[in-house]
Amino acid sequence: MMSAQLQQQQQRQQQDQQQQQQPKQQKQQQPQPSQQLLHQSLPSRTGSGPVSANAATAPGATGSQAPPATSNTQQPASFGQLRNRAAESQSPYVRLHAKTHVAWQLLGADTLKRAQAENKPIFMHIGFLADHHCRLTTQDSFSNHAVAAFLNSSFIPVIIDREERPDLDTIYQNYSEAVNATGGWPLNLFLTPDLYPIFGGTYWPGPGTEHSLAAARGGAGGVGGGAATLEASSINGGGEESYNDFLAIAKKIHKFWVEQEERCRREAFEMLHKLQDFAQEGTFSGTPAEPVPVVAPVTASDVEAGADLDLDQLDEALDRIFKMFDPVDCGFGTPKFPNPARLSFLLRLAQFPREVRDVVGDKEVENAASMARSTLRRIRDGGLRDHVGAGFMRFSVTSDWSMPHFEKMVGENALLLGVFLDAWLGRVEKSAAETRFSLEDEFADVVIDLADYLASPLIQSSGGGFVTSEAADSFYRKGDRHMREGAYYLWTRREFDDVVGPAGSAEVAAAYWNVLEDGNIPRDQDPDDEFINQNVLCSVWGRDIQALSKQFGIPVNDVKKTIATARERLRARREQERPRPARDEKVVVGVNGMVISALARTAAAVSDLEKTKSKRYLEAARQAATFIKENLLVQDGTQNRKILKRFWFNQPSDTRAFADDYAFLIEGLLDLYEATLEGKWLVWAKELQDVQSELFYDTLSVGSAPSLRHSYTGGFYSTEEATLSHTILRLKSGMDKSQPSTNAVSASNLFRLGTILDEKPFIRQAIETINAFEAEILQYPWLFVSLLAGVVTLRLGVRETRVKLEQTASLRQYWKTPKAGASALLLGADL
């Protein structure tokens, strides 16, 4: 039986192709009568964009369990009055809520015991610091006395930082995707005392705000979707009621619980039982009768007999991606996410061994690379890029990349650096001896700017670790009392002209960045008049400076100087007068692994072109790796091992690292080893791989009965076996989302470590990891493109490069080679 999640994702991909002709519709997809009526009678508004495609699972329970019984409503004397515990959290986002009126609780056994003893539903808010709609919810709802009082009296309020607990975020995002056909942040959920979801949605306006009034008038209120006034269902007893704000929704949920608790519990249980399919990713493939034979290098004989994964899946995936591609604005779907994993796959096709071209076709491989490059150009030139400073915003709400959500996520910028680097490396002139670089090559400027940004004091903390994000909202000027979305990045034409200077220069620069008198933000993206006369800088001319030169009748070099001068003046004004958006200063292990990898690869590639910058990038990567080892690698109780903690914020987090933290850090350490040739990073990568396998690997076991915690089919679970509640399922990540899947990165790490260290068990584990997702890859290969790179390695072997330390030309050539399948640098002399 194929995962319902994958079937739903296939349908969603098909709908993406129709979105430019018709508005996005939000289907409700649940079979339970009262749950269906409840969702139909409440709005499901999209907050800060849908979760980029590919949800992973929904929470559920074992099929043999009975529905939870109604709890005792008597309150034990040991539970005092609810108080706000947000200040006790280690998360900067959660701690910001210490000053709100809601009596926030931290998720733990004590909180669940209280909810069960008092028989109160749990209200769970999942958000993150950088997000605009999360800040609006805090400002308009959680700081509202009426909302807070109702939440405190009727629910047990729990707050979660999605970057601290990505496991919970993934689970409940997929619940929202299943019942609302949309997800995003903030994610607001009403749960039974044992964490079965009753109702969930994204952004709901605070009572009495402009957004709620706009919704009441039938407008989108700036948040999209959701009816303003809906006919009441059998739950609310008839008549017509309006549910346009947070408080009204909370009251309806409370009424539903009080009047029909037993039915609510039963149907929540039944719904989750039906959604069990969502948790089956990576568990469909059968257990082999005997261990997979391994020889080095990896060849087709290493694959278990009868395995169907082959290079044909790359051809099938590419065919589907061709159909999904937007031929007008490039990219995929609307809203537009950069999707680094997919772009990387399209570029890698041209770098894979000749056998891949033989299967896919030369023309198709070139078309794939062209799709990736054209999309990267739109990302480079469009509204996602901070053209005055550096870095990219998270996604565009418009198809043409012109209107961003303004938060900058450090991990996603690191992934984009790797993709832009590969696009640059794949386009430069190659001679028989070496690859010839130039800073005039296409994408070179983006690579340098982005590496500078990631290695700057803005992103790298004084201790050496990289922070998590920059917020979307900030004050427009010093002394302002109200934050605005995108305030740091937007310009009126009057201010733009005043800053840039002479009329001629201002005209040229304004034309280059599409700065208009009335603003360039589409009216339909500003229903509440928040961006009147504002401009998002978008380089509509791209690199076609000659056309701009011809239009204004001035030399090309003068145009370049004018734009460079304008950029410097805009940056100076911005830094002088506008407060910088807040940073989320958590140092998250997985995010740091991504940055270490990107900076190490970039430093090595430009080592003979930008020597000073190369040294700076490499030192930044070293410092981050050292910081994590010294501060987040701790003894695991009485166990004879050291494990990672998830993040640092003034101290190590209590939260243990997840499988993705290990995967991305190991990848970063391997890239740092290859860039520095310092053996200590390879040794640590191997140690971490041993721990990741011990904590997260689903070891093959012939004849063992599968359970929700172990399927015995190979691959890595995202979480450890222990869990707070049986309703929180243990998941495997195989599909690519905003970042490559944990199992794809882990398989690549295992191939590389196994080859470098001549450790055959690592190779075996890599093969088992890929085969764990065989059933899904065969049916939906385009959703597993990072694992498809592993399939290439599985079939054609690790790309080995053997050099001696003194062979600097060979080393430089290796460093300038774009990513393809797993590669390994093998040194001819000991370090």
**OP:** Taking Asp584 for its side chain and Thr468 for its backbone only, find out whether a donor-acceptor pair lies under 3.5 Å.
**Re:** no
Original post:
With a 4.0 Å cut-off, would you call Lys642 and Glu687 a salt bridge?
Top reply: no
Original post:
Hey, does the side chain of Ser370 reach the backbone of Glu366 with a donor-acceptor pair shorter than 3.5 angstrom?
Top reply: no
Original post:
Which class fits the ring pair Phe420 and Phe392: parallel under 30°, tilted 30 to 60°, perpendicular over 60°?
Top reply: parallel
Original post:
Does some side-chain heavy atom of Gln692 sit less than 4.5 Å from a side-chain heavy atom of Phe716?
Top reply: yes
**OP:** Run the salt-bridge test on Asp736 and Arg342 with the 4.0 Å N-O cut-off and return the result as yes or no.
**Re:** no
**OP:** Without swapping roles, check the side chain of Ser748 against the backbone of Val745 for a donor-acceptor pair under 3.5 Å.
**Re:** no
Original post:
With under 30° as parallel and over 60° as perpendicular, where do the rings of Phe406 and Tyr489 fit, or are they tilted in between?
Top reply: parallel
Original post:
Does the side chain of Gln689 reach to within under 4.5 Å of the side chain of Leu750, using non-hydrogen atoms?
Top reply: yes
**OP:** Using the six-membered ring wherever Trp is involved, compare the ring planes of Phe337 and Phe395 and label them parallel, tilted or perpendicular (cut-offs 30° and 60°).
**Re:** parallel
Original post:
Between Tyr814 and Glu674, is any pair of side-chain heavy atoms under 4.5 Å apart?
Top reply: yes
Original post:
On the ring face of Trp684, is Lys629 found with NZ or CZ under 6.0 Å from the centre and within 45° of the axis?
Top reply: yes
Subject >> salt bridge (Lys or Arg N to Asp or Glu O under 4.0 Å), paired with Asp671, selected from Arg601, Arg752, Arg622 >> reply: Arg752
